[in-house]
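Okay, so here's the structure we're looking at.
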Amino acid sequence: MTQNRLGWTGKFLAVVRYEILWNIRKKKFLGILVVAFALATLSLAGGHIASAITGDPVEPNPDFVINANVGLGGFGFFLFAIVTTMNTISGEFESGTIVPLLAKPISRTTVFFGKLFAAFLTLLATYCFLMVYMTIGGYVVYGPQNNLHLVPLSLLGALFSTLIWIAIVLLLGTVSRSSLIAALGALGIWLGTAIIGSIIGALAGQGWILTYIPGSGNTGSVGGPPQLGFTVTTGTDSIGPNLINYILHPSWEVTYYKIDIGGTTPEQVQWIALNSEPLSTIILTSIAVALIYFIVFVATSWYFFRRAQVTE
Amino acid sequence: MEFIIETTGLTKKYGSLVAVDKLDLKVEANTIHGFLGPNGAGKTTTIKVLVGLLKPDGGSVSVLGQEIGWDKPDVRSRIGYMPELPKLPKHLKGRELLDIYGRMQGMTAEERGIQIPKLLDMVDLRERENDLIGEYSKGMQQRLGLAQALIGEPKLVILDEPSLGLDPGGMVEVREIMKEMAKEGVTIFLSSHLLHEVQQVCTHVTIINKGVVVTSGTLKQVSAKARGPLTVEAEVDKLSKAVIEKVKELPYVTSVIEEGKRLSVEVETRDDIRSEVSQAITAGGGIVISMNLKGESLEDIFMDLLAKHKRTKEVTK
Ligand SMILES: Nc1ncnc2c1ncn2[C@@H]1O[C@H](COP(=O)(O)OP(=O)(O)O)[C@@H](O)[C@H]1O
Ligand SMILES: [Mg+2]
């Protein structure tokens with residue numbers, strides 16, 4: 001007679017193992033991983049390419065690594081969320097593998113959070129590799145680097161930035177049971193927030209709205225209007241860089257501007273300052289926004305998954 | 001009487017379609033119970049309710065003495081389940097899958113180390129255990145589907161159309177495995193749309209059609225319910241009065257008709273009495289050349305059912 005000697009943790013880890021093995025063998029995940037490393041390499045090689053064209057030696061850049069944001073930007077976070085999560089629930093329904101899985105003596109809650117945790121671990125490992133690669137590469141190409149101790153903050157920020165997209169992709173996939181809808185729906189949301197949102201923000205001066213939607217957020221600047229000052233984006237994509245900037249410059253005030261197209265020539269374009277807020281507020285807001293979206297979307301997905309009947 | 005599976009008034013609908021209609025199903029412990037019915041009868045739907053994949057719309061369901069409830073995993077820890085044409089994750093290797101499913105069953109590393117190689121041997125996948133399931137043939141996936149249903153030493157094994165997608169050799173092996181498990185005290189509940197499959201292994205049978213139980217009981221009882229007399233037809237060499245007299249002496253024989261070398265013996269029992277008739281013929285000095293059983297057997301009932309089912313389908317079209 002077998003006794004159930006493996007408790008909840010053991011079963012949870014079995015789900016995590018199941019999902020990680022699945023994740024890392026997906027062609028799309030491996031594809032995006034290759035692309036990410038290729039882009040990281042390209043940004044590292046940028047200095048060499050420029051020097052080959054101009055003939056000047058590669059200029060040392062001690063802030064390269066700290067500004068690199070683990071080599072990823074908003075779209076990178078989005079893509080990694082897609083490749084780790086678009087099949088997480090919906091793929092099980094599509095392939096029919098949900099049938100033997102949910103007939104096992106594990107609760108749906110265990111399956112759901114095991115899978116989510118596996119996506120998180122996959123991302124954590126990927127971003128760690130990218131961060132180490134950018135750090136070593138940056139040192140080799142651009143010479144000694146400043147503030148290396150702050151680089152893990154970009155890792156933390158990158159994870160926050162990605163989690164929000166993971167929650168969106170997961171929700172779309174769980175409700176629709178279609179990986180295609182999960183991916184395309186999330187892409188639609190990404191495009192909507194990234195492109196349409198920023199146009200509205202810049203032209204209508206309603207950029208503050210962007211602070212509360214996932215993505216790049218509002219754009220402001222420190223020390224003068226956008227062309228002159230240091231640009232700061234407030235969204236969930238920028239949690240990492242903003243954290244680092246806050247530690248380096250705790251007193252930064254970010255000012256938002258509106259374009260005033262008063263005349264007909266470019267010189268007549270005016271930036272009108274709207275309002276300002278401390279960088280610390282921006283960081284707290286974006287972390288709160290990321291967490292709230294994450295919790296609400298994940299809880300909703302979980303609710304749907306727990307009730308899901310397997311008609312496949 | 002303790003039932004391993006007991007449903008009372010189980011109802012399950014897909015929209016307006018009633019797939020399972022107030023089904024009362026009782027499966028005794030230590031039996032091989034066949035769940036027989038034509039395609040679309042509601043077998044898979046019933047099974048999915050039993051393993052917690054579908055929520056019933058009505059009735060009560062208990063398995064291994066426990067109400068199944070919704071998302072109560074404990075009940076399932078003693079149930080092995082092989083889905084109809086099982087779909088297993090293609091990104092995992094055969095052995096990895098069994099190992100992970102074994103962990104989900106709560107098995108320790110030691111238990112998995114002993115049981116998994118045995119199961120792989122049993123379904124003849126030992127040599128391919130480290131290949132991805134995506135590279136397996138349909139038959140291999142089916143066999144792995146069976147192995148995963150047996151992991152963790154379940155008390156109840158539910159097999160949904162286990163012979164679908166298997167070649168004849170594979171079907172024989174699966175039957176042997178089922179008999180072997182039954183000897184070890186495992187209750188087996190298998191669905192099938194093939195009568196001969198059920199007749200070959202099952203001790204008990206429930207026939208279902210359009211979500212309703214047609215008949216249920218031991219294989220013998222169900223066969224006996226088939227109406228109409230059975231006839232043993234024999235071709236006999238050296239057919240004589242003595243032979244006919246001997247045959248008529250058998251207790252359950254109602255009439256004997258002679259037609260050249262052919263003898264038609266009508267009997268009043270559902271048991272297969274061919275060997276008794278044959279002995280009587282020999283005792284009377286005749287030689288049996290061939291013999292067969294005619295009449296409304298289980299097969300006839302089932303074929304009739306299928307024909308009716310087809311007719312109603314054609315009408316609804
Ligand atoms: N997912 C589904 N959605 C709608 N109808 C279904 C679904 N699955 C099965 N059915 C219908 O329910 C009935 C019973 O099906 P099923 O349980 O699969 O029968 P069986 O396993 O005996 O062949 C059939 O009429 C079938 O068409
Ligand atoms: Mg079926």
Could you walk me through whether B:Met104 and A:Val15 pass the side chain to side chain contact (heavy atoms under 4.5 Å, CB included) test, one step at a time? CA-CA 8 Å; B:Met104 291 176 180; A:Val15 178; 3.9 Å; yes
Do you know which two heavy atoms are closest between [X] and [Y], and how far apart they sit?
{"X": "A:Thr109", "Y": "B:Asp71", "result": "N-OD2, 4.2 Å"}
{"X": "A:Trp22", "Y": "B:Pro89", "result": "CZ3-CB, 3.7 Å"}
{"X": "B:Met107", "Y": "A:Leu6", "result": "O-CD2, 3.4 Å"}
{"X": "B:Gln148", "Y": "A:Pro100", "result": "OE1-CB, 4.3 Å"}

Contact class of A:Thr311 relative to chain B, heavy atoms under 4.5 angstrom: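 Interface part for A:Thr311: both.
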For chain B, the option from A:Gly96, A:Gly91, A:Ser107 that forms the most heavy-atom pairs under 4.5 Å: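 With the most close heavy-atom pairs to chain B, the winner is A:Ser107.
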Residue, of A:Gln309, A:Arg306, A:Glu312, that accumulates the most heavy atom pairs under 4.5 Å with chain B: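 Most pairs with chain B among the choices: A:Gln309.
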Electrostatic pair A:Glu92:B:Lys90 at N-O distance under 4.0 angstrom: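 A salt bridge is absent here (no side-chain N lies under 4.0 Å from a carboxylate O).
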Check whether any side-chain heavy atom of A:Lys104 lies under 4.5 Å from a side-chain heavy atom of B:Gln105, and answer yes or no.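 The answer is yes, as the side chains (C-beta and beyond) meet within the 4.5 Å cut-off.
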Is the shortest heavy-atom distance from the side chain of A:Ile98 to the side chain of B:Lys87 under 4.5 Å?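 Answer no - side chains too far apart.
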Approximate separation, where rounding is to 0.5 Å, of [X] [atom1] and [Y] [atom2]:
{"X": "A:Leu101", "Y": "B:Leu53", "atom1": "CG", "atom2": "CG", "value": "9.5 Å"}
{"X": "B:Asp74", "Y": "A:Ile106", "atom1": "CG", "atom2": "CD1", "value": "12.5 Å"}
{"X": "A:Leu21", "Y": "B:His91", "atom1": "CG", "atom2": "NE2", "value": "11.0 Å"}

For B:Lys55, is it the side chain, the backbone, both or neither that has a heavy atom under 4.5 Å from a heavy atom of chain A?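 Both parts, backbone and side chain.
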For chain A, find which of B:Ile100, B:Leu85, B:Val51, B:Leu97 contributes the most heavy-atom pairs closer than 4.5 angstrom.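 The residue among B:Ile100, B:Leu85, B:Val51, B:Leu97 with the greatest pair count is B:Ile100.
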Candidate pair B:Arg103 and A:Lys11, rule side chain to side chain contact (heavy atoms under 4.5 Å, CB included), full reasoning: CA-CA 6 Å; B:Arg103 289 167 193 255; A:Lys11 293 179 179 183; over 6 Å; no
